[in-house]
Every structure is written in structure tokens, then in C-alpha cells.
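The next block holds one structure in the form of C-alpha cells; read it before the comments.
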Amino acid sequence: MKLLKFISSFILFSASSHVLGAQYLQSADIVGTGFYDAFHFEDKPDPTHGRVTYVNESTAQALNLTYASSDTFILRTDYTTYLQPSDPGRNSVRIVSNLQYTTFAAIFDMRHMPEGCGTWPAVWTVGADWPNQGEVDIVEGVNSMMPNVASVHTGSNCKMPSSGRNMSGVSTGVNCATYETNGAGCGIEFTDTPNDPRSFGPGFNSHSGGWYAFERTNSDFKIWFWSRSDRAVPDEVQYGPRAIDTTTWGEPIGHWTDDLCDFASHFGPHNIVINLALCGDWAGNYYVYKSSGCPDTCEEFVNTNPAALYAAYFDFVSIKIYT
Ligand SMILES: *[C@@H]1O[C@H](CO)[C@@H](O)[C@H](O)[C@H]1NC(C)=O
Ligand SMILES: *[C@@H]1O[C@H](CO)[C@@H](O)[C@H](O)[C@H]1NC(C)=O
Ligand SMILES: *[C@@H]1O[C@H](CO)[C@@H](O)[C@H](O)[C@H]1NC(C)=O
């Protein structure tokens with residue numbers, strides 16, 4: 001017994017004394033009702049001017065807009081109410097982690113994400129003082145348009161190198177300053193299998209979802225994605241053991257570096273946010289909405305076609321946090 005105790009404390013000590021950014025220990029495994037303990041509900045007006053009313057936890061549970069079982073957490077928008085133009089926005093949900101994170105890794109295991117015309121789902125992290133403490137959009141898109149585009153938003157003087165970032169995704173812009181890029185930031189578009197996009201919306205869902213992983217160190221942000229159908233999912237991502245080493249996960253899809261951006265002054269501690277907006281600044285933008293092939297205007301569609309939002313839900317297996 002004594003020897004065993006000695007060995008296990010030795011292992012713990014040596015693991016936590018390593019300061020290599022790539023090695024982490026699990027600090028939370030958020031599953032089912034654990035989402036209610038790890039997140040709070042933000043029922044403020046949508047800052048992106050969406051056709052939504054974010055509700056509080058008791059209302060979300062009463063309306064079944066969030067639902068938890070032992071192995072499931074669902075977050076959705078209302079899909080039954082016909083709205084008049086003068087009505088408040090459709091009920092939906094925005095949850096924010098109770099804890100903040102600086103250097104950490106997270107694995108988001110999802111079975112389903114919201115899809116449909118007018119939807120704007122996001123899984124992201126953000127500091128208290130926006131945009132000066134930064135924002136990282138891990139999963140984001142609108143109107144079921146594929147693939148995923150991950151983006152970083154900052155205050156001024158933060159750029160990314162235009163080459164050499166060791167990532168499989170394609171940069172959509174190297175200036176991360178949100179006010180200098182019309183809100184776009186420095187995005188990275190995923191390069192999904194042609195004709196079988198799996199990283200977002202209907203393509204993600206038709207493969208029973210998959211795993212998004214995010215790592216933040218003092219000098220790098222990295223995002224990986226594996227579809228449920230991919231053969232090459234690292235065991236650490238699939239099974240979420242107590243200790244992980246992200247250097248074994250292969251090349252990321254998205255990679256942001258500190259070569260031309262001082263991370264310390266552009267990124268504060270971040271909360272994790274999961275929300276489902278409808279229409280608003282991006283999904284509801286006239287040209288964006290039209291180019292996605294959706295009918296009517298975004299608000300008309302969302303007001304009068306509640307049943308079309310039946311598939312507008314997240315289904316989480318778990319979120320595992322490593323620090
Ligand atoms: C939740 O929101 C409902 C509807 O706005 C309100 O009646 C209720 O008091 C709120 N509950 C809490 C705990 O804030
Ligand atoms: C609430 O939502 C869950 C998940 O979609 C579903 O299984 C359950 O039947 C719903 N409950 C009610 C009362 O509608
Ligand atoms: C890219 O990979 C090469 C080879 O592994 C390495 O030398 C280089 O430092 C990497 N660059 C970045 C920005 O991570």
C-alpha cells in the first residue's frame with residue numbers, strides 16, 4: 001500500500017511539474033446534467049441582433065429547450081410557435097461556462113448540431129472585455145452552409161503569418177482585428193472531403209457528429225476535428241483519458257500563432273459559450289441569407305416556419321476540459 005501511494009504521488013507530481021504546453025490533466029468531464037453545474041444561462045438580448053429571445057434556466061427546462069439525461073445534453077430553439085413580426089424573438093438558449101480558462105485544452109464530443117435556414121450555432125470562447133480580451137470561434141456557421149469556419153477576433157495590432165502555420169485549413173484573412181475587418185477577424189475554413197463535408201451542419205449530423213478539440217497555449221491556438229466516421233481519431237480524443245498530450249494528435253485544421261500578435265495583451269481568461277442564434281448580423285444578412293439558397297427573408301422564414309427548426313439543436317455527449 002505504502003509503495004503504491006508513493007508511486008501514484010510520484011506519477012502525479014511528475015505529470016504536473018512538466019511545463020510542456022502539450023501535456024494536460026483532465027479537470028472536468030461535463031456530461032448530461034453536469035452541464036447545468038458547469039454553465040449558467042445568459043438571458044440577455046442577443047448582441048448579434050438575432051431573431052431570438054434567450055431564456056433563463058428554469059424557462060429553458062420548462063419549455064424543454066434544454067434537456068439532460070445521464071449521457072445527453074440537448075440545447076435547442078423553440079420549433080412549435082408561429083410568430084408575428086411584432087412578437088419577441090423565438091425562444092432559444094445561450095449558456096456560458098462558470099469557469100474561465102487561459103492555457104487549456106477541451107474536447108467537444110457532439111452527436112448533432114443545429115441545422116436549417118436561419119440558424120447560427122456557435123461553440124466559442126470569449127473574454128470579459130470584448131474584443132480586447134479576444135474571441136475564438138471553434139464551431140460556427142450559418143444557414144447550414146458547410147464547411148466550418150473557425151475564427152479569432154481581437155482588438156487592433158494582431159495579425160497572423162500568411163504562410164507556414166502547419167495547418168490543413170485555409171486562411172480566410174490574416175488580420176484578427178475585428179473592427180478593421182468588418183467583423184470577420186482571422187478565419188480558417190475547414191477543408192472537408194469534397195462532396196462529403198462533415199465539419200458542419202447537415203454533413204456533421206449525417207455522420208452522427210464527431211469531436212472538435214481546441215488547445216490554447218501562451219503562443220498557439222489549435223483546432224482539430226474528426227467526424228464520427230473518420231478512421232484516424234486519436235484514442236485520446238475518442239476516449240478522453242485522464243492525461244493527454246496534444247502533440248500526438250497530428251496537424252491541426254486551424255492554427256493561430258503569436259509571431260505577429262502579442263497573445264498576452266490580446267487574450268484574457270475566456271469563458272466557453274454555446275449558443276443558438278437565428279438570423280441577426282450574419283445569418284440574416286440579406287446577401288448571406290440569399291446566397292445560402294434559403295427562402296423568403298430570414299425573419300419571415302423563422303417567424304412562420306417553426307417546424308423547419310426541428311433539427312436546430314445541439315446534442316452533446318460530453319465536454320472534457322484539460323488544464
Ligand atoms: C425566468 O424567466 C421567466 C420568464 O421571463 C421569469 O418569469 C422567471 O422569474 C425567471 N426565473 C428566474 C429564476 O430568474
Ligand atoms: C424533451 O426533449 C427530449 C430530447 O429531445 C425528448 O427526449 C423528450 O421527450 C422531451 N420531453 C418532452 C416532455 O417533450
Ligand atoms: C511547422 O512544422 C515544422 C516541422 O515540424 C516546424 O519546424 C515548425 O516550427 C512548425 N511551425 C509552426 C509555426 O508551428
Side-chain angles (χ1 to χ4, degrees), residues 16 24-44 46-47 52 54-77 91-114 121-130 133-140 150 204 209-217 221-225 236-244 246 267-277 312-323:
S16 56
Y24 304 85
L25 290 178
Q26 194 176 96
S27 62
D29 183 4
I30 305 165
V31 182
T33 54
F35 277 80
Y36 294 118
D37 303 324
F39 289 84
H40 58 273
F41 286 61
E42 210 169 65
D43 60 351
K44 297 177 198 159
D46 176 24
V52 284
Y54 288 129
V55 300
N56 63 25
E57 180 173 340
S58 48
T59 302
Q61 290 182 348
L63 298 177
N64 211 25
L65 301 181
T66 63
Y67 166 85
S69 68
S70 61
D71 63 351
T72 304
F73 180 74
I74 309 273
L75 181 162
R76 62 157 63 252
T77 186
N91 287 335
S92 192
V93 179
R94 174 170 165 127
I95 60 174
V96 179
S97 68
N98 295 327
L99 296 183
Q100 294 194 311
Y101 305 94
T102 46
T103 57
F104 76 112
I107 300 170
F108 302 86
D109 185 349
M110 284 182 272
R111 298 183 186 93
H112 190 279
M113 70 167 76
V123 177
W124 50 298
T125 75
V126 66
D129 174 19
W130 189 89
Q133 291 187 318
E135 168 183 335
V136 183
D137 303 315
I138 300 165
V139 183
E140 190 180 25
F204 180 86
W211 298 265
Y212 270 87
F214 174 59
E215 179 185 22
R216 172 176 168 180
T217 71
F221 301 154
K222 294 177 181 174
I223 295 176
W224 294 261
F225 167 70
E236 286 186 1
V237 171
Q238 191 163 356
Y239 302 114
R242 205 175 127 62
I244 57 167
T246 57
F267 299 100
H270 278 191
N271 294 86
I272 298 170
V273 184
I274 302 165
N275 72 291
L276 172 54
Y313 67 92
F314 285 102
D315 179 349
F316 279 89
V317 178
S318 65
I319 301 176
K320 293 185 164 71
I321 309 280
Y322 292 84
T323 48

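In this structure, V31 and S318 approach most closely via the heavy-atom pair CG2-CB, 3.8 Å. The two residues V123 and F316 come nearest to each other via the heavy atoms CG2-CZ, 4.3 Å. In this structure, F314 and N275 approach most closely via the heavy-atom pair CE1-O, 3.6 Å. Between K320 and Q26, the shortest heavy-atom contact is CD-NE2, 3.6 Å. Considering every non-hydrogen atom in both A277 and D46, the closest pair reads CB-OD2, 4.0 Å. Scanning all heavy atoms of the two residues, the minimum distance from L276 to P114 falls at CD1-CB, 3.8 Å.
In this structure the side chain of L25 never reaches within 4.5 angstrom of the side chain of Y322, judged on heavy atoms. Inter-residue side-chain proximity for I319 and I274 is flagged as met; some heavy-atom pair is nearer than 4.5 Å. Two residues are said to be in side-chain contact when any heavy atoms from C-beta on lie closer than 4.5 Å; V52 and R94 fail this criterion. Using a 4.5 Å heavy-atom threshold, the side chains of T33 and F73 count as separate. Taking the side chain as every heavy atom from C-beta outward, F41 and V93 approach each other to under 4.5 Å.
Side-chain atoms of S97 never come within 3.5 Å of backbone atoms of F39 as a donor-acceptor pair (strictly under, hydrogens ignored). One N or O on the side chain of H112 and one on the backbone of Y313 form a donor-acceptor pair closer than 3.5 Å. One N or O on the side chain of H270 and one on the backbone of G134 form a donor-acceptor pair closer than 3.5 Å. Between the side chain of N98 and the backbone N or O of D37 there is at least one donor-acceptor pair closer than 3.5 Å.
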Problem - Audit row: Q133, V126, side-chain contact (heavy atoms from CB on, under 4.5 Å) steps and yes/no - result: CA-CA 7 Å; Q133 291 187 318; V126 66; over 6 Å; no
Practice task
Before giving the answer on side-chain contact (heavy atoms from CB on, under 4.5 Å), spell out for T125 and I138 the whole-Å C-alpha distance, their side-chain angles and the decisive distance to 0.1 Å.
Solution key: CA-CA 8 Å; T125 75; I138 300 165; 4.1 Å; yes
Handout entry: R216 vs T102, side-chain contact (heavy atoms from CB on, under 4.5 Å): CA-CA, chis, key distance, verdict
Key = CA-CA 7 Å; R216 172 176 168 180; T102 46; 4.3 Å; yes
Handout entry: Criterion side-chain contact (heavy atoms from CB on, under 4.5 Å) on R111 and V317, from CA distance to verdict
Key = CA-CA 7 Å; R111 298 183 186 93; V317 178; 3.6 Å; yes
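Side chains of Y24 and E215: a donor-acceptor N/O pair is present below 3.5 angstrom, by distance only. No hydrogens or angles considered: nothing links the side chains of E140 and W124 as a donor-acceptor pair under 3.5 Å.
Summarising the geometry, atom CZ belonging to F204 is positioned 4.0 Å from atom CE belonging to M113; distances are rounded to the nearest 0.5 Å. Separation of atoms OH (Y54) and OG1 (T77) is listed at 9.0 Å; rounding is to 0.5 Å. With rounding to the nearest 0.5 Å, the separation of CD1 in I95 from CG in N271 is 12.0 Å. For the atom pair CG of D109 and OH of Y212, the computed distance is 13.0 Å after rounding to the nearest 0.5 Å. Note: S92 OG to L75 CG = 6.5 Å, rounded to the nearest 0.5 Å. Annotation: the span from I74 atom CD1 to T66 atom OG1 amounts to 10.0 Å, rounded to 0.5 Å.
Classification of the F221-F267 ring pair by plane angle, with boundaries at 30° and 60°, yields perpendicular. Classified by interplanar angle (parallel below 30°, tilted 30° to 60°, perpendicular above 60°), the ring pair F104/F214 is perpendicular.
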